[in-house]
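Below is one structure, written out as structure tokens; comments come after it.
Scope of the values below: all heavy atoms of this structure, side chains included, with no hydrogens, waters or symmetry mates. All values reported here derive from a predicted model rather than from experimental measurement.
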Amino acid sequence: MTAPALDRTSTAELYDAHVMKNYARAPLTLVRGRGAQVWDDAGNCYLDFTSGIAVSALGHCHPHWVASVQRQAGELIHISNLFRNPNQGELARRLVGYAGPGRVFFCNSGAEANEALIKLARLHGVEKSGGEEGRCYKIICAKNAFHGRTFGGMSATPQEKIQKGFRPLVPGFSFGELNNVQSFADLVDEQTAAIFVETIQGEGGINPCTPEFLVGLRRLCDQHNLLLLLDEVQCGIGRTGRFFSYEHAGVTPDAIGMAKGLGGGFPIGAVWVHERHAELFHPGNHGTTFGGTPLACAAALAVLDVIERDGLLEKVRCNSAGWAAELRRLAVDFPAQVLGVRGQGFLVGVQLSSDPAPYLAALRERGLLAPSAGGQVVRLLPPLNVSPDELAQSVEIFRAVLAAKA
Ligand SMILES: *Cc1c(COP(=O)(O)O)cnc(C)c1O
């Protein structure tokens with residue numbers, strides 16, 4: 001037997017030839033990661049404040065996460081939801097501990113979690129209209145929102161670049177102004193079933209709901225028997241220094257969508273539903289083959305273990321305060337380029353006065369990886385366990401880029 005010929009085609013060539021062209025990708029091939037650092041195929045090291053878009057909550061290859069996933073992979077990986085597995089039960093218990101009395105449904109992504117929230121709203125609408133299907137089905141979302149790329153998610157995402165080419169969309173969605181309760185109240189009619197917002201808009205440019213706004217939406221939902229659905233896919237799982245970012249406002253939602261940081265890099269999504277509404281899903285009316293596998297739940301349990309054991313919520317609150325202050329100084333020192341800094345904890349947006357693309361490239365050249373967000377924003381999403389040194393380094397790099405471009 002002869003060994004297969006060594007394939008010398010570069011990764012860039014393989015992508016050019018064979019990978020779907022639906023992403024704008026940085027010209028970088030990453031091969032290894034540890035904590036907040038990643039290395040490319042030429043051996044260059046970067047500070048990774050992308051975290052796989054707010055996914056790698058513990059950084060890359062955290063030893064406890066790796067050991068848990070390795071152990072579980074050798075034990076039992078997938079069984080479907082035709083049977084119980086201990087990890088899913090335990091993970092549900094832990095999430096209920098954070099969210100409150102209720103039940104958890106597991107899926108595989110943020111879009112799928114949100115799809116379940118939209119379906120929950122439909123079921124609530126049927127109950128609200130006395131069992132008449134299709135009479136009460138409308139959902140009010142926020143302008144500039146992002147809820148995912150499925151038909152339900154896209155329909156809740158009022159952005160031309162996301163909806164264009166895919167119409168007709170799912171009917172029944174309308175859009176209020178973020179942080180303007182009256183604009184949501186004006187959209188409520190007898191066919192409305194739910195209000196659905198991101199607690200902090202991520203893709204839209206790091207736009208937080210104010211606590212007063214969330215309290216106002218809660219009151220509006222109570223007045224009209226609507227579900228308050230919160231998309232915590234990006235802002236949840238500790239990123240803002242509370243497990244869920246709505247905790248800062250002291251409201252209780254009717255249901256929560258989560259994903260991204262939950263698996264620390266392993267795909268998993270989840271929906272928590274308040275016990276008041278937890279019976280709306282029943283055997284047969286929703287499901288997914290891969291939801292809550294022993295392996296995915298082991299990954300998520302490892303993330304929660306480290307968040308709890310290492311006091312990461314406290315650390316995020318502590319370490320982000322000085323960092324945010326340093327970032328706000330950039331707006332003071334470079335007012336022509338930096339218009340402001342928004343966000344909370346390690347979900348931060350630096351508002352630029354021009355297209356962020358050249359800035360992202362310059363940051364990358366100096367060793368900092370970060371994604372953009374809508375409205376000319378550079379997003380900074382370090383892992384929750386990033387060190388104060390690494391945070392300081394990120395500000396230094398950002399400052400050097402601004403100075404070079406000033
Ligand atoms: C990323 C994101 C989604 C979609 O999650 P996927 O896992 O990409 O499907 C939905 N909502 C918000 C707020 C997100 O940030």
Side-chain angles (χ1 to χ4, degrees), residues 52 54-59 62-117 120 230-239 242-247 252-275 277-279 281 283 286-313 383-385:
V55 166
S56 309
L58 307 180
H62 188 284
H64 177 67
W65 190 97
V66 171
S68 298
V69 169
Q70 280 177 340
R71 191 184 327 110
Q72 188 61 50
E75 191 85 24
L76 187 65
I77 294 171
H78 171 87
I79 53 168
S80 87
N81 282 292
L82 299 176
F83 308 98
R84 291 189 292 263
N85 78 77
N87 291 355
Q88 187 177 136
E90 173 62 9
L91 181 57
R93 184 180 76 82
R94 302 266 287 267
L95 292 175
V96 164
Y98 285 110
R103 292 181 178 276
V104 182
F105 164 77
F106 291 102
C107 53
N108 310 286
S109 70
E112 262 186 87
N114 289 340
E115 208 63 29
L117 292 181
L120 183 78
L230 293 181
D231 181 344
E232 290 259 342
V233 168
Q234 186 158 162
C235 56
I237 323 298
R239 190 142 282 280
R242 299 280 173 205
F243 192 79
F244 294 113
S245 71
Y246 69 79
E247 293 172 41
T252 305
D254 294 300
I256 306 163
M258 54 196 121
K260 291 203 165 93
L262 181 59
F266 200 93
I268 182 169
V271 166
W272 169 88
V273 180
H274 192 285
E275 63 180 353
H277 308 289
E279 308 294 323
F281 284 126
H286 194 51
T288 172
T289 302
F290 290 111
T293 67
L295 189 58
C297 292
L301 285 168
V303 170
L304 300 188
D305 286 346
V306 176
I307 286 178
E308 291 162 18
R309 190 191 65 195
D310 294 355
L312 289 187
L313 300 180
L384 307 186
N385 55 357

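- Annotation: the span from Leu117 atom CG to Leu230 atom CG amounts to 9.0 Å, rounded to 0.5 Å.
- Between Phe106 and Val104, the closest side-chain pair of non-hydrogen atoms falls below 4.5 Å.
- For Asp231, the side-chain hydrogen bond (donor to acceptor under 3.5 Å, both in side chains) test picks out Asn114, His147, with sequence neighbours left out.
- The aromatic rings of His286 and Phe105 sit tilted relative to each other, their planes meeting at an angle between 30° and 60°.
- Shown here for Asp254 and His277, the closest heavy-atom pair between the two residues is OD1-NE2, 3.3 Å.
- With a 4.5 Å cut-off on side-chain heavy atoms, His62 and Asn385 count as touching.
- Closest heavy-atom contact between Gln234 and Arg239: O-CD, 3.7 Å.
- Using a 4.5 Å heavy-atom threshold, the side chains of Leu91 and Leu304 count as touching.
- Evaluation of the side-chain hydrogen bond (donor to acceptor under 3.5 Å, both in side chains) rule for Ser245 yields Glu232 as partners, not counting sequence neighbours.
- Between Leu120 and Ala255 the shortest heavy-atom distance is CD2-CB, 3.6 Å.
- Atom CD1 of Ile237 and atom CG of Leu312 lie 12.5 Å apart (nearest 0.5 Å).
- Between Leu295 and Val69 the shortest side-chain heavy-atom distance falls below 4.5 Å.
- Considering all non-hydrogen atoms of both residues, Asn108 and Gly291 come closest at OD1-N, 3.9 Å.
- The two residues Cys107 and Ala113 make their nearest non-hydrogen contact at SG-N, 3.5 Å.
- Applying the side chain to side chain contact (heavy atoms under 4.5 Å, CB included) test to Ser109 and every residue at least two apart in sequence or in another chain returns Ala111, Glu112.
- Scanning for salt bridge (charged side-chain N to carboxylate O under 4.0 Å, His left out) contacts around Arg93 gives Glu90, with sequence neighbours left out.
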Can you list, pair by pair, the side-chain donor-acceptor contacts under 3.5 Å of residues 71-79, counting residues two or more places apart and other chains?
residue, atom, partner, partner atom, Å
Gln72, OE1, Asn87, ND2, 3.1
Gln72, NE2, Leu76, O, 2.8
His78, NE2, Ser80, N, 3.4

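- Considering only residues two or more places apart in sequence or on other chains, Phe244 meets the ring pair (Phe, Tyr, Trp, His ring centres under 6.0 Å) condition with Tyr246.
- Separation of atoms OH (Tyr98) and CZ (Arg242) is listed at 12.0 Å; rounding is to 0.5 Å.
- No more than 12 heavy atoms of other residues, nucleotides or ligands sit less than 6.0 Å from atom CZ of Arg84.
- Each salt bridge (charged side-chain N to carboxylate O under 4.0 Å, His left out) pair with one or both residues in residues 295-307, not counting sequence neighbours, appears once here: Arg94-Asp305.
- The shortest distance between side-chain heavy atoms of Leu384 and Val306 does not fall below 4.5 Å.
- Residue Phe281 qualifies as enclosed at atom CZ: its count of foreign heavy atoms under 6.0 Å is above 12.
- By the side-chain hydrogen bond (donor to acceptor under 3.5 Å, both in side chains) test, Gln88 is found to be paired with Asn81, residues two or more places apart in sequence or in another chain being considered.
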Please tabulate, for side-chain N and O atoms in residues 256-274, each donor-acceptor pair with protein atoms closer than 3.5 Å (sequence neighbours left out).
residue, atom, partner, partner atom, Å
Trp272, NE1, Gly100, O, 2.9
His274, ND1, Arg276, N, 3.0
His274, NE2, Arg276, NH1, 3.4

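- When every heavy atom of Gly238 is checked against every heavy atom of Leu313, the shortest pair comes out as CA-CD2, 3.4 Å.
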